[in-house]
Amino acid sequence: MATDLLANLNPQQQRAVTTVMGPVLVLAGPGSGKTRVLTHRIAYLISEAGIDPLQILAVTFTNKAAREMRERLVLLLGETIATDLTVGTFHAICARWLRRDIIHLGRERDFVIYDSDDQERLLKRVLRELNLNEKQHPPRAILGAISQAKNELVGPEEFARQTRSYFDEIVARCYARYQSLLRESNALDFDDLLGETVRLFREHPAVLAHYQQRYRFLLVDEYQDTNHVQYLLVRALAERDRNLFVVGDEAQSIYAWRGADIRNILQFERDYPDATVIMLEQNYRSTQAILDAAQALINASPQRKYAKRLWTTNGKGDQVVLYEALNDEDEAQFVVGEILRLIAEGAARPGDCAIMYRTNAQSRLVEEALVQAHLPYQVVGGVRFYERKEVKDVLAYLRLAANPYDSVSLQRVINWPGRGIGDRTVNELIVWARQLGVPLYQALSELAGETADHPFAARPRSALLEFYALIAEFNRLRAVMALGDLIDYILARVEAHAALKREYDAEEADDRWRNVQELRNAALSYANLPVEHQLAAFLEDVALVADVDSLDRNNDVVTCITLHQAKGLEFPYVFLLGIEEGLLPHSRSQTDRDALEEERRLLYVGMTRAQRRLYLCHAAQRALFGRVTSSARSRFLADIPPTLFKLVRRRGYRAVPAPQTPMFSNRAFNQTPPAPRRDSGRSAPLPAPPKAAFFPGQRVYHATFGEGIVVSSRLIEGDEEVTVRFSDRERRLLASFARLESLTDG
DNA sequence: CGGGCTGACATTTTT
DNA sequence: TGTCAGCCCG
């Protein structure tokens, strides 16, 4: 057996597989057989080291990775043993544990899980409640800040204590209300799944001890993409036995913008001084020509701790092609023409080719060219199945059946299909529920009682009561009806099909109804569970392990995909598009050194997807938001020696010079705010002002921004938001926070 | 209350 | 260029 498991593994891989005890850090270059190492190690632990599969926990970053790992393990170990292993994403594993133990945190185990769309809806409600404008306070930015706080395990109270800006102050208020609404809704967002688990472990050592005892061998894939909470989680679990095996590659870290903390991998040796560190440098995927170019790119990065020297026995191979296109259309034409040629020569099939780009918007021209050429293709990404509006609407009814306190779902379908409950009535309901201090569903229940003390006119009231009866009915039926029957019943009861036909033209209504039917079909696989568990199991899978739209590699079609999504994949022929300033690096990343380096790694990830031949393309002109703009080739191309390229260009190509002032400079993001200028001595800061202390035209002083003139002022949530024109620009400030001083007499 | 129109606005994405 | 939110009118 041992020979089987270790056969065809190189010495480093063997060492990674057979180092059973203690912390192990594997730095795995692209194409170095990382997944192989993970699966063979698990097999080795069980069949050679005699470890009980129940004691092994393997964490992956995506469901797809988890599924693939499990499939390979079934092949290696057989179905029976593989079933005993715990393989999953951080989120799925935490959700499972919380279902069991969240009661210790004083919460219910039948919580729902809010996805980002749910989060956004909830936050918009918060903004409205706090009388904040969505335009001025973008929900996604606020959610980003909340998510960041949660990743650092900073709760609403602590956050409020640490605010340093107007924006922070706004976030603090939103965060507090957002969190209490989550709780009221018996809901957890994705970040809470991780954060609450860490909290559970911290506050209940006995619970932690239980999981430490249960899982004595931990494996974590894509360790460079873990965030701080995930780091804490892993550290807590591994604390007792220290059998922690992590695999990652700093050079492929491309999710820092989402909270991934590259320090987790860089500091592994500090956290575990006795760690075995193994580098996997032999590449089994690409030609040496491709590796040389990729290496040159990544070696030019100033931020490298574990510099790897990738090598391969695959041979030199074709030179990397650098195509300089006249414009984006020419670029798409070239790529498609090249694919056609490769196919005609018998060198490739459509499925061997992948077209990769930085932004989804770039896929359009490529798709048009592929259609014209009659080449079959698939675009990875776009709106996923369970995120489609019609699917989420039906799901909202199911979630309400499981948990009527889910206020996001309630608000979502309170007027879908239309039943005469307009925005006005919904807002009244929200305000009233808040006055009562109860969830929306309970407010409806109060309304159904004898209370005369409510703000609703007769017609909206009866519409609300009807809706309440509907949800109460679904809630009763949940426990006695099989899932499929329940869905059918709900669809019929709310006349969903008719609603879709009313709202969309025939073709689109058909499409959407088909999606609803597909959801209905998905319920079939839960039919073998006990009736009372079917709904909960279904909702859990939908929230966490839904992956219906995933890439299908069995189709022989060209794959169009973003660079981010391409991680972990490989194709014989890879075309990278738009290697230009503004696109790669993206314009949003050009002001920040770390973001810029992440863009470099993104390109590195793309390049290392190629097995046989790599094409890098950039265009001199590109349509951007409907406007033709010229673009300069990416600065990253200058880091690859020109001798490694085979240059191809269309006649008439003229290079666009790089921008005169580099868009990135060390100084650009290091500006200090203007020093306060004062002409007279100033009095002690004023305490938080009473209502409307500021008025337009008033001269004020701020400690950081100096003197300014009040443009406008309005009251929000017991505070005053003052817009002040300072010397550089207008700023919105909160009176209680900003400590504005009045310089106007009187 | 609901349907249709106009104007601002633009990464990357998993769970 | 395309989407989404807000506004106006029936």
Side-chain angles (χ1 to χ4, degrees), chain A residues 59-66 88-95 113-120 124 133-135 138-140 144 147 150-151 188-195 222 225-227 229-230 253-260 328 356-365 368 380-384 386-387 389 415-427 457 459-460 463 502-503 540-547 549-550 561-568 578 582-590 595 598-599 601-603 605-606 622-629:
Chain A
V59 189
T60 60
F61 214 62
T62 65
N63 291 306
K64 190 164 149 257
T89 62
F90 276 106
H91 292 85
I93 288 165
C94 286
I113 298 164
Y114 277 178
D115 67 15
S116 39
D117 177 63
D118 301 321
Q119 286 180 286
E120 209 167 312
K124 284 181 180 172
N133 183 318
E134 272 179 41
K135 278 270 158 60
R140 301 184 67 175
S147 176
K150 288 186 175 185
N151 278 342
L188 267 63
D189 65 20
F190 283 129
D191 297 318
D192 285 343
L193 290 174
L194 309 175
E222 305 281 13
D225 287 334
T226 52
N227 63 29
V229 178
Q230 289 165 338
S253 154
I254 54 174
Y255 283 107
W257 55 275
R258 219 172 60 187
D328 44 2
M356 302 180 185
Y357 34 77
R358 175 69 231 262
T359 67
N360 277 309
Q362 289 172 258
S363 74
R364 231 195 69 243
L365 274 180
E368 281 170 17
V380 181
V383 188
R384 292 150 71 222
Y386 286 106
E387 283 165 10
K389 185 188 174 298
N415 201 35
W416 187 86
R419 50 176 71 88
I421 304 176
D423 285 351
R424 190 195 154 92
T425 308
V426 172
N427 281 331
R459 205 158 55 173
R502 223 181 308 125
E503 288 161 29
E540 181 94 343
D541 286 354
V542 167
L544 292 173
V545 293
D547 216 357
D549 273 338
S550 65
I561 193 168
T562 64
L563 288 165
H564 280 94
Q565 293 186 101
K567 188 162 82 163
L583 220 41
L584 192 73
H586 195 273
S587 52
R588 296 273 181 120
S589 305
Q590 286 174 332
E598 181 148 312
E599 299 284 304
R601 296 193 293 268
L602 196 52
L603 177 56
V605 165
R622 180 173 298 276
L624 213 64
F625 307 136
R627 239 206 175 78
V628 176
T629 48

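Per chain, numbering begins at 1; letters A, B, ... match sequence-line order.
Phosphate contact (OP1/OP2 of dT13(B), side-chain N/O of Q565(A), threshold under 4.0 Å): present. Note on T562(A): a side-chain N or O is less than 4.0 Å away from OP1 or OP2 of dT13(B). In this structure, Q362(A) does not reach the dT11(B) phosphate: none of its side-chain N or O atoms is under 4.0 Å from OP1 or OP2. Between N360(A) and dT13(B) there is a side-chain polar atom (N or O) within less than 4.0 angstrom of OP1 or OP2.
Looking at N427(A), its side chain never comes within 3.5 Å of a backbone N or O of R424(A) through a donor-acceptor pair. Using modelled atom types, one side-chain atom of D189(A) and one backbone atom of D192(A) make a donor-acceptor pair closer than 3.5 Å.
Nucleotide dT11(B) is shown with a syn base, its glycosidic torsion being within 90° of 0.
By the side-chain contact (heavy atoms from CB on, under 4.5 Å) test, N151(A) pairs with S147(A), D191(A), N227(A), V229(A), sequence neighbours left out. Residues passing the side chain to side chain donor-acceptor pair (under 3.5 Å) test with T359(A) are Q362(A), sequence neighbours excluded. Residues passing the ring-ring contact (aromatic ring centres under 6.0 Å, His included) test with F61(A), sequence neighbours excluded: none. Here Y357(A) pairs with nothing under the side chain to side chain donor-acceptor pair (under 3.5 Å) rule; sequence neighbours left out. With sequence neighbours left out, H564(A) forms a ring-ring contact (aromatic ring centres under 6.0 Å, His included) with Y255(A), W257(A). Taking E222(A) as the reference, K34(A), K567(A) meet the salt bridge (Lys or Arg N to Asp or Glu O under 4.0 Å) condition, with sequence neighbours excluded. Partners of Q230(A) by side chain to side chain donor-acceptor pair (under 3.5 Å), not counting sequence neighbours: none found.
A 4.5 Å side-chain heavy-atom check between L602(A) and L584(A) finds at least one atom pair inside the cut-off.
When each of Y255(A) and K135(A) is assigned the nucleotide of DNA chain B with its nearest heavy atom, K135(A) is the one assigned upstream, toward the 5' end.
Among the nucleotides dT15(B), dT14(B), dT11(B), the one closest to the side chain of R258(A) is dT14(B). Taking every side-chain heavy atom of R140(A) into account, dT13(B) is the closest of dT13(B), dT12(B), dT15(B). In the set dT14(B), dT12(B), dT15(B), the nucleotide with an atom closest to the side chain of N63(A) is dT15(B). Side-chain proximity of W257(A) to dT14(B), dT12(B), dT11(B): nearest is dT12(B).
Among all heavy-atom pairs drawn from A92(A) and L544(A), the shortest one is CA-CD1, 3.9 Å.
Put simply, CD1 on I254(A) is 10 Å from P on dT14(B), counting in whole angstrom units. The CE-P distance, from M356(A) to dT12(B), rounds to 17 Å in whole Å. For E120(A) and dT13(B), the CD to P distance is 16 Å, given to the nearest whole Å. The distance between atom CD of E134(A) and atom P of dC9(B), rounded to the nearest whole Å, is 14 Å. Taking atom NE2 on H586(A) and atom P on dT11(B), their separation rounds to 7 Å, with Å as the unit. With rounding to whole Å, R627(A) atom CZ is found 14 Å from dA10(B) atom P. In this structure, the NZ atom of K567(A) is 17 Å from the P atom of dT12(B), given to the nearest Å. Separating the CD1 atom of I561(A) from the C1' atom of dT13(B) is a distance of 12 Å, rounded to the nearest angstrom.
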Could you pull out the protein-nucleic contacts involving nucleotides 1-5 of chain B (nitrogen or oxygen on both sides, under 3.5 Å)?
| residue | atom | partner | partner atom | Å |
| --- | --- | --- | --- | --- |
| dC1(B) | OP1 | G422(A) | N | 3.0 |
| dC1(B) | OP1 | T425(A) | OG1 | 2.5 |
| dC1(B) | OP2 | R424(A) | N | 3.4 |
| dG2(B) | OP1 | G420(A) | N | 3.4 |
| dG2(B) | OP2 | N415(A) | ND2 | 3.0 |

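No hydrogens or angles were tested; on distance alone, nothing pairs the side chain of R588(A) with the base of dT11(B) as donor and acceptor under 3.5 Å.
At a threshold of 4.0 angstrom between heavy atoms, the contacts of K124(A) are confined to the sugar-phosphate backbone, with no base atom among them. Counting any heavy atom pair closer than 4.0 Å across all strands shown, F61(A) reaches sugar-phosphate atoms only and no base atom.
You can see that DNA chain C meets the heavy atoms of chain A within a 4.0 Å-exclusive cut from dT1(C) to dG6(C), reading 5' to 3'.
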